[in-house]
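Here the structure is laid out as structure tokens; the discussion comes afterwards.
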Amino acid sequence: MHVIATAGHVDHGKSALLRALTGMEPDRWAEERRRGLTIDLGFVWMDGAHGPIAFVDVPGHERFVGNMLAGVGPVPAVLFVVAADEGWMPQSAEHLLALHALGVSHGILAVTKTDLLEPDLAAEEALDQLRRTSLGEVPWVAVSARTGEGLPRLRTALDDLVARLPGSDPAAPVRLWVDRGFTIRGAGLVVTGTLAAGGIRVGDTLELARTQGRYVVRELQSLNRHADQAVGVARVALNLRGAGRGEIRRGDALMTPGTYRGTAVADVRTRLCAPEHLPRELLVHVGTATVSCRLRPIGADTARLTLDTVLPLRVGDRVVLRHDRGVGGGAVVLDVDPPRLDRRGAARRRAGELDGYPDVPDGASELRRRGIVREGVLRAIGVEPPAPALVGDWLVAPELRRSLRAKLMSLVAQRANDPSAAPLGVEYARKALDLPDPRLVPALLTPPWSVRDGMIVHAGAPDTLAPSVRTTVEALEQRLAGRDFPVPTEEELAVLGLGTAEIAAAVRARRLVRLAPGVVLLPDTVDHAVTVLAGLPQPFTVSEARDALGTTRKVIVPLLEYLAMRGRTGRTPDGRHTVIAR
Ligand SMILES: Nc1nc2c(ncn2[C@@H]2O[C@H](COP(=O)(O)OP(=O)(O)O)[C@@H](O)[C@H]2O)c(=O)[nH]1
Ligand SMILES: [Mg+2]
């Protein structure tokens, strides 16, 4: 399926053209049909040579530009309509400016009402305007919705257009910008939207970005047909279990859980306008959302937007900026997690940094700026990881990896030169290098150095663990690698042959930590847990700790006891826990 939005001045024949093309009624509301005026978005479709083509019909009247932007926001291509008898008009210009701000680069010009006047003048004028925008050179077709003249040619042009549209990633996380939410008696809340990428199946859980509420897809329709799944680009209607009336509405976004970062602050590069020429109070349009924001100019073409509402923005998102005189321009999102600017000179330095940000998200430069980052964090802000993770889901920029490795090896060498000193502990090295996860330490070591029993040791160093137990522990380590918070189940321990005696030997050799009968962890996991717990608002409860680590009560209770006994956490009088800084 493909989705195309209309654009153009009011009364130029957008809705009439869609009616003629599809045989469906884009003006959904009685008031719209009575007044002959599109107020809200309309949704119709037809069969094309390359599958169905769905249209989002937008209002042309200047009072409803907000609705128009909600229609165009998530849609990759446009059917631009200009009437032969009126030619280029103010909302033709405003709609084009918005499309340009959004960077829409695929479209067709339809010059309508050719039964009233020759189309050539209007076409020439419109093509001249379109040419100077992201749309560039577009094909044009003369049509009359009244006589039907030109409709076959328009159909062919639409087929050609959708054949040129770039494909979208079926595996991408879902960000569905909702354009309608309504209740159906007996079924509950239904939301619709244009799914730009990724897939949705019946039974999937989606997260509402505004509230983080989760909903299960009970039923899915696409173009009024039931379906088990839909893959972008597609129009979808979702019936969500447990969603009440009005709970989800236009401007909301439904997301694959855990794949996004909600933000109210973004640094952007403005397009089509310099930040100092824009008012400080603006409306931002992105997807189907309209949000008030404050703009703070940073550099010649960069600014910070502070939004009234948290949105699931991604790096590379195009937004439209609007003020009381109309569309003022646009912006591309450069950073959704920008640093604070309260120090003296911070804004000037930031301006220099932002000049180096590309418009199109670039994994390598994002990683270079961040140094060490989780893959999931990059994906959540819209950046594809540029390389495989070094360990777990940690990415380390190549430059930083080299310098960290050099620093670590010099620490190791220093310690090795002192025969009376104990080997370097992993946790000590982690702190010294300021690493977020102890698993990064062994990944940065070069042979013959490796980690054994939580210590950095030379391959030739004597071993204290019986070979059979060593093999079993190594098998366990392998089995647990890559899990977020790896705790072996009792079955796993049994399968690997780790009975009470073997566990006791491994604990003596500091290869395992025993928390309770049947609950053992790798020493690294304990350190990792402390890092995660330190990231929680302090103090925290047992269940907050359990959720943060994604584990169970059976593990978290003895773990917190273990940590408290070793002075790594403390208890508050009300029974909560804090991580003790060292
Ligand atoms: N003569 C003529 N009138 C048209 C044509 N297309 C639309 N109209 C009329 O123009 C008016 C506005 O059309 P409409 O589709 O509502 O415009 P929209 O605001 O762009 O959606 C209506 O009265 C239509 O009947 C056409 O091709 N020829
Ligand atoms: Mg209309």
Side-chain angles (χ1 to χ4, degrees), residues 3-46 53-73 75 77-99 104 107-123 125-126 129-130 135 138 140-158 179-180 194 235 250 288 326-327:
V3 185
I4 297 176
T6 59
H9 196 75
V10 62
D11 268 350
H12 277 203
K14 295 180 290 300
S15 301
L17 189 56
L18 291 189
R19 218 172 276 132
L21 274 174
T22 67
M24 295 175 72
E25 177 53 63
D27 285 333
R28 291 177 292 125
W29 304 101
E31 185 191 353
E32 294 181 307
R33 291 203 287 273
R34 195 172 61 244
R35 291 168 65 183
L37 176 75
T38 308
I39 298 169
D40 203 353
L41 302 175
F43 308 96
V44 294
W45 55 90
M46 64 176 202
I53 303 180
F55 297 92
V56 178
D57 189 28
V58 309
H61 197 283
E62 62 175 317
R63 277 186 29 224
F64 309 123
V65 172
N67 289 343
M68 179 271 175
L69 291 167
V72 173
V75 174
V78 69
L79 174 61
F80 206 103
V81 171
V82 176
D85 58 337
E86 279 199 339
W88 197 251
M89 292 291 279
Q91 263 61 54
S92 318
E94 185 168 30
H95 285 193
L96 181 60
L97 189 59
L99 293 167
V104 175
I108 299 180
L109 172 67
V111 179
T112 56
K113 308 199 186 184
T114 52
D115 54 303
L116 298 179
L117 202 74
E118 287 291 306
D120 297 11
L121 254 172
E125 200 181 6
Q129 298 290 334
L130 266 55
L135 280 164
V138 301
W140 77 279
V141 182
V143 284
S144 165
R146 182 139 311 163
T147 66
E149 196 202 327
L151 284 179
R153 257 180 296 131
L154 179 56
R155 281 180 209 284
T156 310
L158 286 165
D179 49 36
R180 263 187 309 164
T194 302
R235 288 292 308 166
R250 177 170 302 167
T288 57
V327 170

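Each ligand, and each atom within it, is numbered from 1 in the order the structure gives.
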Can you see which heavy atom on Gly13 is nearest to which on Val81, and at what distance?
C-CG1, 4.2 Å
Is there a protein heavy atom less than 4.0 Å away from atom 27 (O) of ligand 1?
yes
Nearby protein N/O/S atoms (those under 2.8 Å) for the Mg ion (ligand 2), with water ignored
Ser15 OG, Thr38 OG1
CD of Glu25 to CZ of Arg33, rounded to nearest 0.5 Å, is 5.5 Å
Residue, atom name and distance, where the atom is the protein heavy atom closest to atom 11 (C) of ligand 1:
Lys113 NZ, 3.9 Å
So which heavy atom on Met24 is nearest to which on Phe43, and how close?
CE-O, 4.4 Å
Counting only heavy atoms, which portion of Thr114 has something under 4.0 Å from ligand 1: side chain, backbone, both, or neither?
neither
Considering only non-hydrogen protein atoms, determine which one is nearest to atom 25 (O) of ligand 1 and report residue, atom name and distance to 0.1 Å.
Arg146 NH2, 3.4 Å
Between Asp11 and ligand 1, is there a nitrogen or oxygen pair with a distance under 3.5 Å?
yes
Determine whether Leu154 and Leu17 make a side-chain contact, defined as any pair of heavy atoms from C-beta on separated by less than 4.5 Å.
yes
Shortest heavy-atom approach to atom 6 (N) of ligand 1 - which of Ala83, Gly8, Ala16:
Ala16
Nearest-neighbour protein heavy atom for atom 14 (P) of ligand 1, which is reported as residue plus atom name and distance:
Gly13 CA, 3.7 Å
Flag Ala145 as yes when one of its N or O atoms lies below 3.5 Å from any N or O atom of ligand 1, and as no otherwise.
yes
